[in-house]
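Take a look at the structure set out below.
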Amino acid sequence: MAAEIQPKPLTRKPILLQRVEGSQEVVNMAVIVPKEEGVISVSEDRTVRVWLKRDSGQYWPSIYHAMPSPCSCMSFNPETRRLSIGLDNGTISEFILSEDYNKMTPVKNYQAHQSRVMMILFVLELEWVLSTGQDKQFAWHCSESGQRLGGYRTSAVASGLQFDVETRHVFIGDHSGQVTILKLEQENCTLVTTFRGHTGGVTALCWDPVQRMLFSGSSDHSVIMWDIGGRKGTAIELQGHNDKVQSLSYAQHTRQLISCGGDGGIVVWNMDVERQETPEWLDSDSCQKCDQPFFWNFKQMWDSKKIGLRQHHCRKCGKAVCGKCSSKRSSIPLMGFEFEVRVCDSCHEAITDEERAPTATFHDSKHNIVHVHFDETRGWLLTSGTDKVIKAWWYVPVVPAT
């Protein structure tokens, strides 16, 4: 179990406070109970657990409830204490937790999907329950009547789901790499647009309703920030993981994005900087620096009596270059490249030390994270993983200087 939590100084590095153990299988999701010393978790072992801090300073389950099927996801609303749990059999089960978090009362079940529920969102303002399933269906139900209000078939299984209350736009990210935006009404929906930017499937979405930015994490190890509010199609790539991005969380006050990966990495991105789009890669039959032909350019190879070279691209300017003209590497944090990437020699000379200054911090959680939850008001960061462990961290982001 865990030791008592003590206040920590302001820090950029997450400090591990405790490990919460006891689940027999993967903990698919865990959330912090606001204003309480507690955690709610759902697991592949079919259990729902509410962990509360006891007088001893340790955390023990105040609720241990077994479901009829493995628990895949959940949505908890602190105001109403309504807990919606998605199951592997396609059912969404709804409960109300008591004020002391020692009892959960069943409310209703939704037969929402034909197979595993992937994501749930409860929208208090509209009394809607939104969900995606392994059956490639997005559905929304009325939480008062339990009635299914509508559905939409996605192009692939969707594990990313976010909703904007003001515009009633729902964002769905699926395993084909596509993000779909729908406009929801009471009993119908309208397709607004679809877009792609990842080379792998979308694994997580996060929405900033103030700046109107959508963040998507992917199995291609990257995060993309989509400027939905700007209406200019701006997309900023963030490259900082060595494995697939599993979960995202956003701190609105400090404008910092937290991304967690299958490699155990926790990356905290400063989004309060003016970032730049990565350039489109240019097409060319020869190096755009030295004019040496590439290996498929037979005519120029014959005319110049030169051997064709392999094509590369500079990540800063996007030009097609040969290996000799792009022998240098550099980080370009404002373009999202926190790791060193290939750049042409002229761009390498032009990049200043200020432009190489990191805009993200990197931390090793030492477990394969499947979900992250951040309580900005208390500085609590919660990660759950495939190792059946929940880890609670103390993390207070430093407010960027203005």
Side-chain angles (χ1 to χ4, degrees), residues 28-36 38 40-42 46 48-50 63 65-154 158-172 180-192 205 207 209 373:
N28 285 316
M29 198 172 283
V31 298
I32 299 160
V33 178
K35 301 178 182 178
E36 296 284 343
I40 304 172
S41 67
V42 295
R46 301 191 299 116
V48 181
R49 308 185 196 211
V50 178
I63 294 176
H65 184 86
M67 302 296 292
S69 181
C71 306
S72 53
C73 57
M74 68 170 160
S75 177
F76 177 63
N77 181 263
E79 294 180 49
T80 60
R81 300 188 306 281
R82 187 191 301 253
L83 179 64
S84 305
I85 302 166
L87 302 180
D88 188 65
N89 63 12
T91 302
I92 296 174
S93 295
E94 208 163 72
F95 299 85
I96 297 293
L97 300 183
S98 61
E99 288 188 31
D100 60 4
Y101 289 93
N102 282 308
K103 181 182 178 182
M104 53 191 287
T105 304
V107 178
K108 64 172 68 70
N109 289 327
Y110 307 87
Q111 298 303 318
H113 298 276
Q114 298 299 313
S115 54
R116 187 180 180 90
V117 181
M118 300 299 292
M119 279 296 292
I120 305 174
L121 286 178
F122 171 65
V123 184
L124 177 62
E125 294 85 348
L126 300 169
E127 294 289 348
W128 286 352
V129 177
L130 316 181
S131 62
T132 60
Q134 209 166 39
D135 56 3
K136 302 181 183 179
Q137 287 285 334
F138 160 73
W140 73 104
H141 291 76
C142 173
S143 62
E144 288 297 301
S145 65
Q147 178 185 355
R148 180 185 171 100
L149 299 176
Y152 181 87
R153 184 166 180 82
T154 56
S159 54
L161 182 64
Q162 289 289 283
F163 184 71
D164 182 61
V165 175
E166 182 182 342
T167 61
R168 295 193 181 186
H169 284 159
V170 64
F171 307 94
I172 305 167
T180 301
I181 303 180
L182 302 175
K183 169 83 170 181
L184 297 190
E185 302 296 344
Q186 188 61 31
E187 294 183 356
N188 61 73
C189 66
T190 306
L191 177 64
V192 177
L205 291 179
W207 172 244
H373 182 226

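- The side chain to side chain donor-acceptor pair (under 3.5 Å) with Tyr110 is formed by just one residue from the set His141, Glu94, Gln147; it is Glu94.
- With a 6.0 Å radius and a threshold of 12 heavy atoms from other residues, nucleotides or ligands, Glu185 has its CD atom above the threshold.
- Contact detail for Asn28 and Ser72: the closest heavy-atom pair is CB-O, 3.4 Å.
- Screening residues 114-134 for salt bridge (Lys or Arg N to Asp or Glu O under 4.0 Å), with sequence neighbours left out, gives Glu44-Arg116, Arg82-Glu127, Asp88-Arg116.
- More than 12 heavy atoms of other residues, nucleotides or ligands lie within 6.0 Å of NZ in Lys183, so this atom counts as buried by the packing criterion.
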Under the side-chain contact (heavy atoms from CB on, under 4.5 Å) rule, what do Ile40 and Leu83 come out as? Steps first, then yes or no, please. CA-CA 9 Å; Ile40 304 172; Leu83 179 64; 4.3 Å; yes

Please test Trp207 against Phe171 for ring pair (Phe, Tyr, Trp, His ring centres under 6.0 Å), starting from the C-alpha separation and ending with a verdict. CA-CA 9 Å; Trp207 172 244; Phe171 307 94; 4.6 Å; yes

Steps toward side-chain contact (heavy atoms from CB on, under 4.5 Å) verdict (Gln162, Val170): CA-CA 6 Å; Gln162 289 289 283; Val170 64; over 6 Å; no

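- Side-chain contact of Asp135 with His113: a donor-acceptor pair under 3.5 Å is present, judged by distance alone.
- Checked against Ser75 for a side-chain contact (heavy atoms from CB on, under 4.5 Å), the options Leu161, Ile92, Ile120 give a single hit: Ile120.
- Screening Val129, Leu124, Val123 for a side-chain contact (heavy atoms from CB on, under 4.5 Å) involving Leu126 leaves a single residue, Val123.
- With rounding to the nearest 0.5 angstrom, the CE atom of Met29 is 6.5 Å from the CE atom of Met74.
- When every heavy atom of His169 is checked against every heavy atom of Phe163, the shortest pair comes out as O-CD1, 3.3 Å.
- Ring-plane geometry between Trp128 and Trp140 is classed as tilted, the angle between the planes lying from 30 to 60 degrees on a 0 to 90 degree scale.
- Annotation: side chain to side chain contact (heavy atoms under 4.5 Å, CB included) contacts of Ser159 (sequence neighbours excluded): Met118, His175.
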